[in-house]
Amino acid sequence: MCYSVSSLTKARLDYARHRADDSALIAALEKELEELLRNEPPLGWVNGFAHPRLLVFTQKEPLMPRLFRWGLVPPWVRDREQASQLAKQTLNARSESLWEKPSFRESAKGQRCLIIVDGFFEYHHQGKTKFLHRMSRTDEEPLCLAGLYAVWGATPTGIPYHGCSIVTTQANPAMALVHNQSKSGESRMPVILDSNQQRVWLAPDADPADLQPCFRPAPVETLRYEAVQAPHSSAPSHDTPPVIQPPELWILRQEITLL
DNA sequence: CCAGACGTTGTT
DNA sequence: GTCTGG
DNA sequence: CCAGACGTTGTT
DNA sequence: GTCTGG
């Protein structure tokens, strides 16, 4: 799950308000953000395998906006080829196994981050037809996802690669319906942090037990679940796919409302 | 010992 | 050429 | 994004 | 770097 997101300039800027509480700090942060995003195209739809740059706030510098590529490469990776292979395997990180996986455990200890997007995408299947859905917050705020990051290839020759990974957890009931695999198939969603959980996730001294409560699936009412026109190309798109209302999804709509 | 993996999701 | 999988 | 598949028969 | 599988 969570292999595509959207990340627009407005949402990125909106987020500045949450990262600070006095007006001077907010102004400074907004300035940093505008600088950082000046030449950064807005992404209405982007596939993780394209490794786009996403807006993150790190545990080390919680008030400094950064752009990290989607796809974490652990520091022990030897060569470029292996790095690009790893980056494709680390778009997501299971919250249940963060502490054991060689690719994630060092990042889990000291390189956690917040990843700011305004939506993520998932397919709903009906027979041979699939309907792309976009999930966003009902309160119109950007989504703050739990993330891990790592820096790779800090050599004299090249610029190091900054990569990140989106932490996932069990799907909430609405996501399970949208992502209708039912039965033994387990459905997943990204870990979405409220403002309290954001502080916990970035706390430098947090241990696994402290972080566990962050992994609770977001309440159903936190998100809006909309069918959208699936992009024709897998290339990153400036435009957010438009919302559609196919009659085939009337029952699904009803089921979600009744939750 | 040493080469090879190191990951996730969904099987509609 | 087009679809799928990672 | 981009590499890889794209299929059938018949069973040491 | 560390673990697993053959």
Side-chain angles (χ1 to χ4, degrees), chain A residues 1-7 41 43-54 68-111 115 120-133 135 145-155 160-161 163-172 175-191 215 217 227 230-239 241 246 248-249 251-252 255:
Chain A
M1 94 107 277
C2 203
Y3 281 167
S4 319
V5 298
S6 51
S7 176
L43 300 166
W45 186 82
V46 67
N47 186 305
F49 293 103
H51 305 302
R53 282 187 281 268
L54 301 179
F68 286 3
R69 287 191 176 276
W70 189 4
L72 179 154
V73 179
W76 43 259
V77 162
R78 290 160 208 275
D79 53 55
R80 276 190 95 70
E81 194 185 355
Q82 199 185 13
S84 88
Q85 193 185 337
L86 254 300
K88 287 173 168 45
Q89 296 176 161
T90 55
L91 299 180
N92 295 153
R94 290 180 68 92
S95 54
E96 295 89 339
S97 52
L98 289 182
W99 308 103
E100 296 115 54
K101 297 290 181 184
S103 294
F104 297 129
R105 56 193 171 196
E106 285 311 308
S107 296
K109 280 183 210 161
Q111 292 168 136
I115 301 177
F120 65 94
F121 297 87
E122 210 56 75
Y123 280 101
H124 176 80
H125 288 85
Q126 279 186 16
K128 288 175 182 169
T129 320
K130 55 180 185 176
F131 298 91
L132 187 65
H133 280 66
M135 273 55 69
L145 308 181
L148 303 176
Y149 71 96
V151 182
W152 179 76
T155 63
Y161 172 94
C164 63
S165 184
I166 294 173
V167 178
T168 67
T169 191
Q170 186 179 41
N172 72 23
M175 278 305 306
L177 286 175
V178 169
H179 214 357
N180 59 333
Q181 67 285 285
S182 70
K183 305 186 198 93
S184 53
E186 184 201 16
S187 184
R188 311 284 300 172
M189 72 187 294
V191 169
F215 300 147
H232 184 270
S233 157
S234 67
S237 163
H238 161 278
D239 301 309
E248 295 95 319
L249 298 182
I251 292 168
L252 174 69
E255 286 173 331

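All heavy atoms count here, side chains included; hydrogens, waters and symmetry mates do not.
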Query raised in the report: Leu98(A) CG to dC6(B) C1': how many Å, rounded?
Result: 15 Å
Report task. Give one of base, sugar-phosphate or nothing for Gln82(A), where a contact means two heavy atoms less than 4.0 Å apart. Result -> base
Query raised in the report: Under 3.5 Å, is there a donor-acceptor pair between the side chain of His238(A) and the main chain of Leu43(A)?
Result: no
Report task. Ignoring hydrogens and angles, tell me if any N or O in the side chain of His124(A) forms a donor-acceptor pair with the backbone of Leu177(A) under 3.5 Å. Result -> yes
Query raised in the report: Looking only at atom P, what distance separates dT9(B) and dT2(E), rounded to whole Å?
Result: 27 Å
Query raised in the report: Among dG7(B), dT9(B), dT12(B), which nucleotide sits nearest the side chain of His125(A)?
Result: dT12(B)
Query raised in the report: Checking all strands, does Arg105(A) fall into the base, sugar-phosphate, or nothing category for heavy-atom contacts under 4.0 angstrom?
Result: sugar-phosphate
Query raised in the report: Checking all strands, does Ser234(A) fall into the base, sugar-phosphate, or nothing category for heavy-atom contacts under 4.0 angstrom?
Result: base
Requested in this report: Rounded to the nearest 0.5 Å, what's the gap from OG on Ser103(A) to CG on Leu72(A)? Could you check?
Outcome: 7.5 Å
Report task. Specify the separation, in whole Å, of atom CG of Asp79(A) and atom P of dG4(B). Result -> 13 Å
Requested in this report: Round to a whole Å and report the spacing from CZ of Arg78(A) to P of dA5(B).
Outcome: 12 Å
Requested in this report: To the nearest Å, give me how far apart NE2 (His232(A)) and C1' (dT2(C)) are.
Outcome: 9 Å
Report summary line: To the nearest angstrom, the CD-C1' distance between Gln85(A) and dA5(B) comes to 9 Å
Query - Whole-Å gap separating C1' (dA3(D)) and CD (Glu81(A)) - result: 13 Å
Query raised in the report: Under 3.5 Å, is there a donor-acceptor pair between the Arg94(A) and Thr168(A) side chains?
Result: no
Query raised in the report: Using Watson-Crick and G-U wobble pairs whose two distances are both under 3.5 Å, how do you write the pairing of DNA chain B as dot-bracket, with | for links to another strand?
Result: ||||||......
Report summary line: Side-chain contact check for Ser103(A): nearest option of dC6(B), dT8(B), dT9(B) is dC6(B)
Requested in this report: Could you tell me how the ring of Tyr123(A) sits relative to the ring of His125(A): parallel (under 30°), tilted (30 to 60°) or perpendicular (over 60°)?
Outcome: tilted
Report task. Please tell me if the side chains of Leu145(A) and Val191(A) come closer than 4.5 Å, counting only heavy atoms from C-beta onward. Result -> no
**Report entry** Rounded distance in Å - CG (Leu148(A)) to P (dC6(B))
**Finding:** 18 Å
Query raised in the report: Could you state the NE2-P distance from His51(A) to dC2(D), rounded to the nearest angstrom?
Result: 10 Å
Query raised in the report: If you look at every heavy atom in Leu91(A) and Trp70(A), which pair is closest and at what distance?
Result: O-NE1, 3.0 Å
Query raised in the report: Do the side-chain N or O atoms of Arg94(A) get closer than 4.0 angstrom to the phosphate oxygens (OP1, OP2) of dT8(B)?
Result: no
Requested in this report: For nucleotides dA5(B) and dG4(D), find the distance between their P atoms and express it as a whole number of Å.
Outcome: 15 Å
Report task. Assign Pro236(A) to base, sugar-phosphate, or nothing according to its heavy-atom contacts below 4.0 angstrom with the strands shown. Result -> sugar-phosphate
**Report entry** Minimum-distance nucleotide (side-chain atoms of Pro102(A) versus dG6(C), dT8(B), dG1(E))
**Finding:** dG1(E)
Query raised in the report: If you measure from the P atom in dG7(B) to the same atom in dG5(C), how many Å do you get, rounded?
Result: 22 Å
Query - Side-chain N,O (Thr90(A)) to OP1/OP2 (dT8(B)) below 4.0 Å - result: no
Query raised in the report: When we call it a touch if two heavy atoms are under 4.0 Å apart, what does Lys101(A) touch: a base, just sugar-phosphate, or nothing?
Result: sugar-phosphate
Query raised in the report: If you round to the nearest 0.5 Å, how far is CH2 of Trp152(A) from CZ of Arg69(A)?
Result: 13.0 Å
Report summary line: Looking only at dG6(C), dT8(B), dT11(B), the nucleotide nearest the Asn47(A) side chain is dG6(C)
